[in-house]
Amino acid sequence: MIKPLRNLFVRFSNMVIRVLRNITIFQRLIAAFMLLVLVPTIFISLFTYSKYVNEIEKNMESFLSLLVLNVNVQIQDKFNLIERLAILFYTDAKVIESIEKNASIDSQAAEYARNEAVIGQRLLEIAVHNENIISIQVVTPDKQYWMQDEYGNRRGGFIRDPDRFRSSEYFQAAIDQHGYPVWFDTSRVTDVFYKSPTAAFGITESITMTQAIYNTDTRQFLGVLVINLQVGYLTESLRSYAFYGSGNTFLFGQTGVIMGINSDLSAPILSDLQSIHQVLDGGREGSYSGRLDQANVFLVYKEVPYTDLLVVHVVDRDKLLSKAYQIRNLCLTLVALLIIVSLLVLYWTTISISRPMHKLMKAMRLFTKNRFTVSYVPSGHDELTVLGEQFVEMAANTKQLVDQIYIAEIQQKSLEISKFQAELNALQMQINPHFLYNTMDIIRWEALYEANGESSVSRMIDDFCRLMRMTIKTGEDMVTVQSELDHAGTYIDVINFRHRNPISLVIHMEFDPKAHRLPKFTLQPLMENAVLHAFGEGVSQAVIRITGTLEGQEAVICVEDNGKGMEAGTLLSVQRILDGKEQPAQSIALDNVNRRLKLTYGERYGLSVCSSPAEGTAITVRLPG
């Protein structure tokens, strides 16, 4: 088992080493620094911060859960007080008897009124025990009873539409609980409970309790007791356990925030959090940490039993974790300082290795180019210094050996080269074009003398001399477009001496030809191509047009003739040669000019040809602007 693992490790190590040998030492050290220092440091810092934040949130959740539970218990105590008052009502035998009797007699009977007074006065007596009771009523399957004083006057509120109430969740939930009280958030309900028959709006800002009433002996359902309480009745419960200085406590119902204690003005206000329903609809109790309507919050909530109410405490998460953020920022600052110091140490260490190594590599490159005199001076006391000293010694020995073996042969070769150069110079002197130009100039003067002035012969010689002067002019490879146009004009003048029908040259340039340059002898070969191939017996008025335009940042020169043109096969072959897709059978002027342009300016530039039989040929030269 150990041997296969060792072999696997060796193969893996060799692969890693091969990969590392493909990059520079500096890059290797940077990669090692990233893996061994930077990545672990950042990971540990972020991991520690995350654990610290989680621990804070865990402790805060436990504390706030206890706070919410205490508020919940306080609210239940207040609800129990109201529920005990309700017990006083449905355990009163006289009241239960009155409800049962009225269920079977006509509402116009005198006994019905006496029973109704008993029920109403008992309701009023119960309401007197708690000033926060807005209204207390009894709704039976077919009748409604409200508070009455001893004079028969109606007190408190009433339900305007009893039939609708009997089909509502308030009535049905009380029946489903079989005598247990049910509490509802009615703080924003405006169309169920009213203070008087003529009131335009219903009672709001209230908490409502409903409880089913039964005959304790027969368990016969008699009706539902309805108590409306002021919301402020629960304020003291929230205030007693509000977490002062960090967060706000709220009572939350189906319609939203019922009431709250804003002990911390910097904490989020629950009514401002429009998306709170998405969190609180998730269950009866729990917690939430994160973004909510652009606010970073941490909240804990718990449902009050047998109600649709939730006690919610919300805290500003940024404020809660401010110390954690400070520690995080401190850690990141220390990490940044550590990285800077490490990078400096890494840089100095790398330079101490790479700089002498680069100097040694440079000396070795010179040595490989037969420059046996090495100017490398070793410095330091490390392994690279020893390597450099050995290299200098090897270079000196090599130079001595080369001097001993090859100096004589090099001298012999130099003599042979000098002899060959002398012979070449002699040959060049024999064919020097200046000699021919000077001879032609003498002949021109003799022609002037014989003709006693200018003649066609002397003009012909003069044009030819000017053409030769342009041809043998040295000193520069790039000339202006104007110089090429002058050369083209002189060339046509010379050519026309041997043509019965002279060739017309038309030049039209839309840009300044003196401001643009191109390789020497670019246009003359194109004109020569037209003279040799374009004009035959069928062309009566031969014309060559040279036009120049600007296309964006490029200059375009077109050399066009009205000759016989090219056949499709010939044109295709020429185009393939210019595109480099086909090699010419023999050297042609167009290919030579095209290659020079591409070598000078790049593959984008050069020649393009278009032609049609009997319509002529156009050769386009494309240059940088």
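Just so it is clear, the values below take in all heavy atoms, side chains as well, and ignore hydrogens, waters and symmetry mates.
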Just how far is it from atom CG of Leu572 to atom CD1 of Ile577, taken to the nearest 0.5 Å? 10.0 Å

Given the rule in the side chain to side chain contact (heavy atoms under 4.5 Å, CB included) test, do Met527 and Ile495 qualify, once you have shown the distances and angles that lead to the verdict? CA-CA 11 Å; Met527 298 175 61; Ile495 290 299; over 6 Å; no

Side chain to side chain contact (heavy atoms under 4.5 Å, CB included) between Val621 and Tyr605, worked out: CA-CA 8 Å; Val621 182; Tyr605 302 97; over 6 Å; no

For residues 606-617, which side-chain donor-acceptor pairs fall under 3.5 Å, sequence neighbours excluded?
unit_1 : atom_1 : unit_2 : atom_2 : d
Ser611 : OG     : Met566 : N      : 2.8
Ser611 : OG     : Gly616 : O      : 3.1
Ser611 : OG     : Thr617 : OG1    : 2.9

Do Phe511 and Val556 pass the side chain to side chain contact (heavy atoms under 4.5 Å, CB included) test, and can you show the C-alpha distance, the side-chain angles, and the key distance before you say yes or no? CA-CA 10 Å; Phe511 56 82; Val556 178; over 6 Å; no

Distance, nearest 0.5 Å, that separates CZ of Arg545 from CG of Leu505: 10.5 Å

Locate the shortest heavy-atom distance separating Pro519 from Tyr601; write the atom from each residue and the value. CD-OH, 3.7 Å

Return the CD1 to CG distance between Ile619 and Leu526, rounded to the nearest 0.5 Å. 5.0 Å

Which distance, rounded to the nearest 0.5 Å, do you find between the NE2 of His516 and the OG1 of Thr480? 11.5 Å

What do you reckon, is CD of Glu554 surrounded by more than 12 foreign heavy atoms closer than 6.0 Å? yes

Mark yes or no for whether Asn496, through its side chain, and Ile503, through its backbone, hold a donor-acceptor pair below 3.5 Å. yes

Kindly indicate, with the supporting measurements, whether the criterion side chain to side chain contact (heavy atoms under 4.5 Å, CB included) is fulfilled by Leu523 and His487. CA-CA 8 Å; Leu523 299 184; His487 190 180; over 6 Å; no

Ignoring hydrogens and angles, state whether a donor on the side chain of Gln541 or Ser504 is under 3.5 Å from an acceptor on the partner side chain. no

Over all heavy atoms of both residues, which pair between Thr522 and Glu484 is shortest? Give the atoms and the distance, please. N-OE1, 2.7 Å

Do Asp561 side-chain atoms and Gly563 backbone N/O form a donor-acceptor pair below 3.5 Å? yes

Does CZ belonging to Arg291 count more than 12 external heavy atoms closer than 6.0 Å? yes

To the nearest 0.5 Å, what is the distance between CD (Glu528) and CG (Leu590)? 10.5 Å

Minimal heavy-atom distance between Phe521 and Val593, with the atoms involved, is O-CG2, 4.4 Å

Measuring from atom CD of Gln524 to atom OG1 of Thr490, what distance do you get when rounded to the nearest 0.5 angstrom? 10.5 Å

Do you know the tightest heavy-atom contact between Lys564 and His533? CE-O, 2.8 Å

Ser573 (side chain) donor-acceptor with Gly569 (main chain) under 3.5 angstrom: no

